[in-house]
Amino acid sequence: METTTAAPKKVAVVIPCYNEAASIAEVIKRFPCARLAQHALELKIYVVDNNSSDDTAAIAEQAGATVIYESKKGKGNALRAGFRGVAPDCDYVVMLDGDCTYDPGEIMRVIEPLRSDFCDVVIGSRLGGRIKTAAMSRLHRVGNRLFTGAVRWLYGANVTDVLTGYFAWKKSALDALEPHIKSAGFAVEMEMITKMARLGHQMASVPISYDPRAGESHLRPFYDGSRISLMLLKNLVWRPAKVLRARGEFVPRRLVFVSDTIYPYMKGGKEKRLHEITKRLASMGHEVHIYTMHWWDDPTKARTEDGVQLHALCRHHELYRGDRRAIKEGVMFGLACFKLFWVRFDVLDVDHMPFFPLFSAWIVCAMRGRKMGATWHEALTQKEWIDYMGPGGLIAWLMERISLQLPHSITAASAHTKELLATTHGRARRVELVGSGIDTSLLSTVPRAQIDCDVLYVGRLVKDKHVDQLILAVDIMRRARPEARCVIIGDGIEGPHLRRQVARLGLQANITFLEALPEAADVYSYMKAARVFCSPSVREGFGITVLEALGCGTPVVTVDSPGNAARHLIADGQNGAIVPLTPVALAEAMAYWVAVPNKPDVAARVADYDWRQLAKKQAEVYLQ
């Protein structure tokens, strides 16, 4: 089977310039575009002409850069204009000067820690790297070391060169910082570093080269040094909430989420929803934390990913015992949630599953006089609980009924769940609907995978997903169409059993298993290549993969089950089919959509499910 190449990550370079005609063409020329392309990085260069009196703008444009004009003089003004002009769909933003002092060829070095999620911001360190002879005077070296030591001591920032002009950000981190950049001149680097420290951004320094500049320096050592010193001291008392509240503007909140599972370590629908919404809340300026189990490999108990701060409340416990959720895991994580008593928060939102954390968090909030929120992804009837767990399902049903009374407010992740909370469990008050969504901007850029795929399944390989019925349906399809091809993407406890089933039926040439793909773009490329997407799950709180498939223009076959909220996304015969959970019914529906010569525009129905709009709606719920 052929595989697709992931869509390239977009890198924007912002170069503030004032009378840099002598050097700007050389700076642009030295970016290693071919090498970046080999690493799936697509470069776009923005030169900000800061009211130059020479030919800086014309030369930069001729060299291939996009020129942005800023008439207000000052490096800070130029940078703000450049940041505003960066395309919203870029992944990383790099800043460096246009005077040939910094080496554009080292751009991979400053981007790599961002690509590996090591940090949110990279600071290019001249003091920790290689400074060429005459590139920096002794006075400047001494001053820089003093300023750097002060920032490390006063702000606890992990930086080794606070006056450098070589930065790299994840776009989400820059979006959170950009509204707070106010400096007009050379104090902007100190302002950005100190405010990033206050915003909680994870920063790291990497060594870089520093060459003598081309042309005349615009830095005034004593005047600009005094401005930098003032900025260092001024931001000691700066907090984003204080500044914005005083002006009557949007005030970021400290949002704390509690969930035993997180993306990408678990790639289910609820984990995906939490990941997409929290990283966008962080990009909006909120301080976002998720308290979870210790999923990552390194021993540290905290880390930052996509602007969201992750904290391990306890070690990792196995989620499943056999084909069911393990009770021990829920109990142990629930007990660990008592540690929240020492956690500061403005909003506390607890994932409803596995119930135990709700009780712990409620006690914490009651003792501290705070209100607790919760997110509900699905609601089961008493019969569904017993079918799932046997006699123990009655206890789970009772726990759900009791736990539903604990949160002050509830976010329902689908209209289906909201309705069931009211009709099945009697919880209708203070329940807000904020569903799941898709990344519409990413979907539009992902190319179709170069594969032959009739039927695609993406999701966890667990009992409730009924992938075994899909396999039986493919067995029926191949009798009429021997070349039928199915791709199953995902991991789970049922994986070995399903692979044995394929071997037993002799379907190895028809069905291919792939482990969960690391990037959403990879999944979307397969969805675009498939002729039909199949979701035979009987329990879906929303059905994100179904929505993603529709967004990729692929019709969906799903099953008619009361617990399957994904069926509400399907208009039978228009963008897919809703059928009984039987191999024959699945096979007939999939064969129909595979053979349809002119498929309708199924993507048109999902335009209102963009993640950013949903994150804004979620923020409004928290601010009520």
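Quantities reported herein were computed from a predicted structural model and do not represent experimental measurements.
In Leu398, the CG atom is crowded: over 12 heavy atoms of neighbouring residues, nucleotides or ligands sit closer than 6.0 Å. Crowding of Glu483 atom CD: a count of heavy atoms from other residues, nucleotides or ligands under 6.0 Å exceeding 12. A 6.0 Å sphere centred on CD of Gln405 holds more than 12 heavy atoms belonging to other residues, nucleotides or ligands. For Asp298, the CG atom is densely surrounded, since the number of other residues' heavy atoms within 6.0 Å is greater than 12. Within 6.0 Å of CH2 in Trp593 there are more than 12 heavy atoms belonging to other residues, nucleotides or ligands.
Nearest heavy atom pair, residue Leu114 against residue Cys119, reads CD2-O, 3.6 Å. Taking both residues in full, the closest heavy atoms of Ala516 and Lys267 are given as CB-CD, 4.0 Å, listed atom of the first, atom of the second, then distance. A pairwise comparison of heavy atoms in Ala282 and Val288 identifies N-CG2, 3.7 Å as the closest pair. Shortest non-hydrogen contact noted between Leu586 and Cys534 is CD2-SG, 4.1 Å. Taking all atoms of both residues into account, the shortest heavy-atom contact from Trp611 to Asp439 is CD1-N, 3.3 Å. Pro354 and Gly330 make their closest contact through CG-CA, 3.6 Å (heavy atoms, listed as atom of the first residue, atom of the second, distance).
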Item to check | side-chain contact (heavy atoms from CB on, under 4.5 Å) between Met372 and Leu406, worked out | outcome: CA-CA 8 Å; Met372 181 183 76; Leu406 302 178; 4.0 Å; yes
Item to check | Intermediate values then yes/no, side-chain contact (heavy atoms from CB on, under 4.5 Å), Ile471 and Ile488 | outcome: CA-CA 10 Å; Ile471 292 171; Ile488 296 173; 4.2 Å; yes
Checklist entry - Please walk me through it: do Ile386 and Trp397 pass side-chain contact (heavy atoms from CB on, under 4.5 Å)? => result CA-CA 8 Å; Ile386 293 174; Trp397 176 75; over 6 Å; no
Checklist entry - Step by step, would you call Thr261 with Glu271 a side chain to side chain donor-acceptor pair (under 3.5 Å)? => result CA-CA 7 Å; Thr261 57; Glu271 291 83 13; 2.5 Å; yes
Next on the checklist: What verdict does the salt bridge (Lys or Arg N to Asp or Glu O under 4.0 Å) test give for Glu305 and Arg303, after you've listed the backbone C-alpha separation in whole Å, the side-chain angles of each residue and the deciding distance to 0.1 Å?
Outcome noted: CA-CA 7 Å; Glu305 296 182 5; Arg303 62 187 293 140; 2.8 Å; yes
Checklist entry - For Leu36 and Glu42, what are the C-alpha separation, side-chain angles and deciding distance, and is it a side-chain contact (heavy atoms from CB on, under 4.5 Å)? => result CA-CA 7 Å; Leu36 290 167; Glu42 181 181 302; over 6 Å; no
Next on the checklist: Arg280 vs Asp175, test: salt bridge (Lys or Arg N to Asp or Glu O under 4.0 Å). Steps then yes/no.
Outcome noted: CA-CA 10 Å; Arg280 285 167 175 81; Asp175 287 342; over 6 Å; no
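Here the side chains of Leu461 and Leu498 are in contact, with some heavy-atom distance below 4.5 Å. You'll find the side chain of Leu581 reaches within 4.5 Å of the side chain of Val538, heavy atoms only. Using a 4.5 Å heavy-atom threshold, the side chains of Met527 and Glu548 count as touching. Side chains of Leu313 and Met293 form no contact here, defined as non-hydrogen atoms less than 4.5 Å apart. Contact check for Met266 versus Thr292: no side-chain heavy atoms found under the 4.5 Å cut-off. Looking at Leu472 and Leu470, their side chains never come closer than 4.5 Å, going by heavy atoms from C-beta outward. Residues Pro583 and Ile476 form a side-chain contact, since some pair of their non-hydrogen atoms from C-beta on lies under 4.5 Å apart. With a 4.5 Å cut-off on side-chain heavy atoms, Val467 and Tyr457 count as touching.
Here the side chain of Thr411 pairs no donor or acceptor atom with the backbone of Thr375 at under 3.5 angstrom. Between the side chain of Thr424 and the backbone N or O of Leu421, no donor-acceptor pair lies under 3.5 Å. Listed for the Asp349 side chain is no donor-acceptor partner under 3.5 Å among the backbone atoms of Phe257. With hydrogens and angles disregarded, a donor-acceptor distance shorter than 3.5 Å links the side chain of Ser403 to the backbone of Met399. The closest donor-acceptor contact from the side chain of Arg427 to the backbone of Arg429 lies under 3.5 Å. Between the side chain of His466 and the backbone N or O of Thr582, no donor-acceptor pair lies under 3.5 Å. Between the Arg460 side chain and the Lys465 main chain, no donor and acceptor come within less than 3.5 Å of each other. No donor-acceptor pair closer than 3.5 Å links the side chain of Thr512 to the backbone N or O of Val487. The backbone N or O of Gly307 lies less than 3.5 Å from no partner atom in the side chain of Thr304, so there is not a single donor-acceptor pair. Distance alone, capped at 3.5 Å, places no donor-acceptor pair between the Lys272 side chain and the Thr545 backbone.
Residue pairs meeting the ring pair (Phe, Tyr, Trp, His ring centres under 6.0 Å) criterion with at least one partner in residues 544-580, sequence neighbours excluded, are His416-His568.
Screening Asp89, Asp91, Thr445 for a side-chain hydrogen bond (donor to acceptor under 3.5 Å, both in side chains) with Lys10, the sole residue that qualifies is Asp89. Each of Arg485, Arg481, Arg478 was checked for a side-chain hydrogen bond (donor to acceptor under 3.5 Å, both in side chains) with Asp454, and the lone residue meeting it is Arg481. Of the residues Phe333, Tyr265, Trp295, the one that meets the ring pair (Phe, Tyr, Trp, His ring centres under 6.0 Å) test with His316 is Trp295.
Comment: Lys171 does not engage Asp306 in a salt bridge, judged by the lack of any side-chain N to carboxylate O separation of less than 4.0 angstrom. Comment: Arg115 engages Glu112 in a salt bridge, judged by a side-chain N to carboxylate O separation of less than 4.0 angstrom. Note on Glu276 versus Arg273: no salt bridge recorded, every NZ/NE/NH1/NH2 to OD/OE distance being 4.0 Å or above. Under 4.0 Å is where a charged nitrogen must lie from a carboxylate oxygen, and between Glu378 and Arg539 at least one such pair does. Asp475 has a carboxylate O that lies under 4.0 Å from a charged side-chain N of Arg479, or vice versa, which qualifies the two as a salt bridge.
No hydrogens or angles considered: a donor-acceptor pair under 3.5 Å links the side chains of Asn564 and Thr558. Under the 3.5 Å distance criterion, with hydrogens and angles disregarded, no donor-acceptor pair is assigned to the side chains of Ser535 and Glu540.
Between Trp376 and Phe355, the ring planes are tilted. Angles from 30° to 60° get that label. Ring geometry, His311 versus His289: the interplanar angle falls under 30°, so the pair is classed parallel (tilted spans 30 to 60°). Ring geometry for His377 versus His352: interplanar angle of 30 to 60°, hence tilted.
Atoms OG and CG, from Ser414 and Leu420 in turn, are 8.0 Å apart once rounded to the nearest 0.5 Å.
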Distance-only criterion, 3.5 Å: show the donor-acceptor pairs between side-chain atoms of residues 499-511 and protein atoms not counting sequence neighbours.
unit_1, atom_1, unit_2, atom_2, d
Gln501, NE2, Asp468, O, 3.2
Asn510, ND2, Pro482, O, 2.9
Asn510, ND2, Ala484, O, 2.9

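By the salt bridge (charged side-chain N to carboxylate O under 4.0 Å, His left out) test, Asp351 is found to be paired with Lys270, residues two or more places apart in sequence or in another chain being considered.
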